[in-house]
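The block underneath contains the structure these notes are about, expressed in structure tokens.
One is the number of the first residue; the rest follow in order along the sequence.
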Amino acid sequence: RYSIESLSPLEPILGPALTAAFREGLAAHWRQWRPTPDSEKEPAKRNQVGSLDCMGLAGLSLESQFNPRWANGLDSGLAQRAATYALIEIDGFPAWLPDLVSAAPGAVESVFMAEVRAELAERSTRTRFEVLEHVSRAGPELHSLLADPLVAELTQHSDLPLAVLRPLLEILGRGVRPEHTSALTQL
């Protein structure tokens, strides 16, 4: 994982004041640095995560640990930036993502669905659909947030491969609202 929850291992080396300053610097970094989502990378570079992206994700994770209401004060741009950082994390999403979903659902939906659409646009050449796979293993808040826009994507594409359908149906099974159940059964 790139997210970290504590800088306590550095404190014996740097001391409390420098450790706190380092944490503040990392937090400031995530707010200034724009991470690159996979949809904007060349296919051969999608499995690479830059050092500055990792520093930003670490700063965001630390900020969320030290300020439980961190997500409530974000403007739309910073909320979208935070959602992009969430997509960088390996093997799932950071622990702070539910807070972001609660505080800025529109920003999370916008960023996540842009990445899902980018993956679906390449469905003939992809074997894995990482965003959908990670969302399928996420919590109920993300399933509920993305279920409706994913139903819309499903109705627009009749040629989705099994590698897409498996995580997509898992998400919809957990997150679709009752009033949209009939739309799913008609597909």
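Minimum interatomic distance between T84 and P35 (heavy atoms only, all atoms of both residues): CG2-CG, 3.6 Å. Residues A79 and A107 approach most closely at CB-CB, 3.6 Å, considering heavy atoms. Between A103 and A71 the shortest heavy-atom distance is CB-O, 3.5 Å. Smallest separation of non-hydrogen atoms from E130 and E119: N-OE2, 3.2 Å.
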**OP:** Please assess L26 against E24 for the test side chain to side chain contact (heavy atoms under 4.5 Å, CB included), listing each intermediate value before the final yes or no.
**Re:** CA-CA 5 Å; L26 287 172; E24 291 169 11; over 6 Å; no
Original post:
Run the side chain to side chain contact (heavy atoms under 4.5 Å, CB included) check on T19 and I13 step by step: do they pass?
Top reply: CA-CA 9 Å; T19 302; I13 300 164; over 6 Å; no
**OP:** Would you sort out whether V49 and L57 count as a side chain to side chain contact (heavy atoms under 4.5 Å, CB included), showing the intermediate values?
**Re:** CA-CA 11 Å; V49 178; L57 185 54; over 6 Å; no
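A search for ring pair (Phe, Tyr, Trp, His ring centres under 6.0 Å) contacts involving F93 returns F112, H134, not counting sequence neighbours. Legend: residues meeting ring pair (Phe, Tyr, Trp, His ring centres under 6.0 Å) with H143, ordered by chain and number and at least two apart, are absent. With sequence neighbours left out, E40 forms a salt bridge (charged side-chain N to carboxylate O under 4.0 Å, His left out) with R34. Shown here are the salt bridge (charged side-chain N to carboxylate O under 4.0 Å, His left out) partners of K45, two or more places apart in sequence or in another chain: there are none. The salt bridge (charged side-chain N to carboxylate O under 4.0 Å, His left out) check on D38 picks up K41, with sequence neighbours excluded. In this view, R128 and E133 satisfy the side chain to side chain donor-acceptor pair (under 3.5 Å) rule, not counting sequence neighbours. Every residue two or more places apart in sequence or in another chain was checked for a salt bridge (charged side-chain N to carboxylate O under 4.0 Å, His left out) with D75, and none qualifies. With sequence neighbours excluded, the residues satisfying side chain to side chain donor-acceptor pair (under 3.5 Å) with D53 are W33.
Residues S61 and Y2 fail the side-chain proximity criterion, which asks for heavy atoms closer than 4.5 Å. In this structure, the side chains of D159 and R123 come closer than 4.5 Å at one or more pairs of heavy atoms. By the 4.5 Å heavy-atom criterion applied to side chains, V108 and L142 are counted as neighbours. Within the 4.5 Å cutoff, the side chain of E141 has no heavy atoms near those of the S102 side chain. Between L150 and V176, the closest side-chain pair of non-hydrogen atoms is not below 4.5 Å.
In this structure, Q32 CD and L78 CG are separated by 8.5 Å, a value rounded to the nearest 0.5 Å. To the nearest 0.5 angstrom, L60 atom CG is 7.5 Å from S3 atom OG. The structure places CG of L10 at 7.5 Å from CD1 of I4, a figure rounded to the nearest 0.5 Å. Taking NE2 from H29 and SG from C54, the interatomic distance works out to 9.5 Å, rounded to the nearest 0.5 Å. To the nearest 0.5 Å, atoms OG (S64) and CZ (R69) are separated by 14.5 Å. Taken from CG in L132 to CD in E153, the straight-line distance is 9.5 Å, to the nearest 0.5 Å.
Residue pairs meeting the salt bridge (Lys or Arg N to Asp or Glu O under 4.0 Å) criterion with at least one partner in residues 2-13, sequence neighbours excluded, do not occur; the list is empty. Listed by first then second residue, pairs satisfying ring-ring contact (aromatic ring centres under 6.0 Å, His included) with a partner in residues 48-78 read W70-W96, not counting sequence neighbours. Screening residues 37-63 for ring-ring contact (aromatic ring centres under 6.0 Å, His included), with sequence neighbours left out, gives no hits.
Between the E115 side chain and the V131 main chain, no donor and acceptor come within less than 3.5 Å of each other. Listed for the T125 side chain is a donor-acceptor partner under 3.5 Å among the backbone atoms of E122.
Within a 6.0 Å radius of CD in Q156, more than 12 heavy atoms belonging to other residues, nucleotides or ligands are found. Summarising the local packing, CG of N47 is surrounded by 12 or fewer heavy atoms from other residues, nucleotides or ligands at distances under 6.0 Å.
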Using a 3.5 Å cut-off and no angle test, enumerate the donor-acceptor pairs between side-chain atoms of residues 165-174 and protein atoms at least two apart in sequence or in another chain.
residue : atom : partner : partner atom : Å
R166    : NH1  : E170    : OE2          : 3.0
R174    : NH1  : S136    : O            : 2.5

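By the 4.0 Å N-to-carboxylate-O rule, E63 lies close enough to R31 to be salt-bridged with it.
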